[in-house]
K.L.:
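Before I ask anything, let me first share the structure, which is written out below as structure tokens.
Note that the structure is a prediction, hence the values are computed from the model and not measured. Each chain gets a letter, A, B and so on, in the order the sequences are listed, and its residues count up from 1.
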Amino acid sequence: MTVTANPTVRRDQTQPPPRSLERHFDTGAHVVSVAVNRAGGHAAAALGDGSVWLIDLTDPQEPPAIVQAHGGVCLALARDIDGQAFLSGGDDGRLRRIVPGHAMETLAEAAGRWIDHVDACPRSRLRAHSAGRRVHLLDASGHEAMPPLEHPSTVGGLAFAPNGKRLAVAHYGGVSLWWTSRPGPPSRLEWKGSHLGVLWHPEGTHLMTTLQESGLHGWRLKDKAEMRMDGYATKIRSIAWTNRARHLATAGADSVVCWPFFGGGPWRKQPLQLGGIGDGLITAVAPHPREAVIAAGHDDGRLLIVPLDGTNPVTAAAPDGSPVSAAAWSDDGRHLLAGTEAGRLSWFPIRATKGYPAAPRPPRQ
Amino acid sequence: MSAIPVTVLTGYLGAGKTTLLNRILSESHGKRFAVIVNEFGEIGIDNDLVVGADEEVFEMNNGCICYTVRGDLIRIINGLLKRKDGFDGILIETTGLADPAPVAQTFFVDPVVSKRTRMDGIVTVADARHLADRLADSHEAQEQIAFADVILLNKIDLVDEADMVVLEQRIRSMNPFARIRRTQRCEVALDEVIGLGAFDLDRILAMEPDFLGEDDHEHDQSVTSVSLRQDRALDPVAFDGWLHTLLRVQGTDLLRYKGILSFKGSDRRTVIQGVHMLADSANLGVWPAGQPRESRFVLIGRNLDGDRLRAGFAACAAP
């Protein structure tokens, strides 16, 4: 398929893109999460039947390899610290390391608990996973790097800072910020409410959380200036930075709501609202890592490529009735992966550079 | 995709909740239940869908109303709903000291949970020997009776008939909605506790007119019920204003309420039900021909001033 972000080209958004290269697989189970490994050679999809499907992105003829990673459901998927591997957490209380083409390893077990949040950081060479209120940090050899980190309530999400020095853990009442090199009490960013997902700004300057109460909260870390974004139709299940972190793209509304993080924003700035198609809600957002476009999944299964300049989106996948539950690009932007609750797993190889016009200028504020 | 029914099992410590749970799971009904328990390991049945919960109650604020929900249930049910091999129902066992309201409210507020599941009923197991004492000294025991759709009066072999009658009258005065079943070792037919549809608005239409029964005149107990009736059609604006104010001022005292209402200018019956400040209503079916269009509204709660509620409701009648 061709992705265009050129303002002079207008396409009817109901039209499929020309020469669609979508490959899709019917996995038969809820696609919980998708990711492409750091080397870019394999994609993984974590599913509601406990399996992880591995797609070899270098060989379109090769069928996906299926690894039975967990007893019940895969709850979390992350890229491990190296170029090849993925980490998955499940409701069988296991943390698995999956290297395409190799036997699966079990890195941790928490009997009777769910491992539902996982992250890994290549800079600090650490992995973090949560079970209930407790977070475990593992070093590169799989040993506990320090005693478990305790929290006042169940962990809603966790993420390493881009430089790996800190770990942010979201829970009821705010976020705990731990130093990853030494044990010690965390500093707390407090805001009443149930914080679910947590996302660092790529420069490590801001920290954003999604809330149970259909909104976002955030902090600018240098002065703890707070931001609140609300007015969403539903709980926000997906947020991500657009290229060069100019905007924070968010799901949870009837369009992709993009908050500007430049020119003094997001304070007192209106967000862009892109790619709406009427009543439907956006369920997943995945900004292209290099170009000013966002892959946006809808609750009817539609996947649109939405340009940030406000020009018409292009349909990448037609609606099939089941909400898009996950979407991710490879770091080089050459592959887009997406999945739905009903189990459709889509892979879009993007043709090399020629497919893209130059990125448009960001909108003026 | 039909919504998965959720049954909540409550009851004071030692009343027999786990006995009931094991009974439901061991009966050969061909149904598969996901079970959310607070004491992992008490279940005698081998079931890979048993999940331990943490009973994390937290406050949520949506604009002007504030309510408590069970955060752990939101997380667990969202996880269960991703499973490929589905299940026919969810059973939630609460601790003996739990207030049922946050559990019930959870099923109305989370977008995924409220879309994919529905509250089917709250079943309270009570020890017939000790219930009177517990009602006297335990806030939670009162709430568990007040919230129930079905009350199993368990261990009846240890209580004589005269005491049972007094106990049942006492329960009835607190909660006129609930069905009371006398049991030993929680022996009860499955369809008495599962598949109740107690939170379905259209089931409220089936409320017998005489379910209103007698109001509670025992002013020494803190949870009471008040039944309101009105022969004249209600003015919708006046009723909305009255209810809105009532929920704002006394929402935390109102445990459950149900009503069938006749509004001026409408041939349809308006049905309403709620838990604390979360109310749900719909216009259902036209009034049957030849039957009186009487509005009925029953409230269960604390500190309910019957005279004042009756006067307020009466003032909603259209001129």
K.L.:
Please confirm whether the backbone N or O of Asp54(B) pairs with a side-chain atom of Asp72(B), one donor and one acceptor, at under 3.5 Å?
P.N.:
yes
K.L.:
Against chain B, label Asp230(A) side chain, backbone, both or neither, depending on which of its atoms sit under 4.5 Å from a heavy atom there.
P.N.:
neither
K.L.:
Taking side chain as everything from C-beta outward and backbone as N, CA, C, O, which of these in Glu56(B) sits under 4.5 Å from a heavy atom of chain A? Side chain, backbone, both or neither.
P.N.:
side chain
K.L.:
Quick check on Val69(B) against chain A: is it the side chain, the backbone, both or neither that has a heavy atom closer than 4.5 Å?
P.N.:
neither
K.L.:
List the residues meeting side-chain contact (heavy atoms from CB on, under 4.5 Å) with Arg302(B), not counting sequence neighbours, and say none if there are none.
P.N.:
His139(B), Gln142(B), Glu143(B), Ser222(B), Val223(B), Asp253(B)
K.L.:
Write out all pairs satisfying salt bridge (charged side-chain N to carboxylate O under 4.0 Å, His left out) with one or both partners inside residues 102-111 of chain B, taking only residues at least two apart or from two chains.
P.N.:
Lys235(A)-Asp110(B)
K.L.:
Can a donor-acceptor pair be found, under 3.5 Å and without considering hydrogens, that links the side chain of Asp300(A) to the backbone of Gly321(A)?
P.N.:
no
K.L.:
Relative to chain A, which segment of Ile76(B) carries a heavy atom at a distance below 4.5 Å: side chain, backbone, both, or neither?
P.N.:
both
K.L.:
Measuring heavy-atom distances to chain B, does Asp49(A) have an atom under 4.5 Å in its side chain, in its backbone, in both, or in neither?
P.N.:
both
K.L.:
Could you tell me whether a side-chain N or O of Gln250(B) sits under 3.5 Å from a main-chain N or O of Asn303(B), the two making a donor and an acceptor?
P.N.:
yes
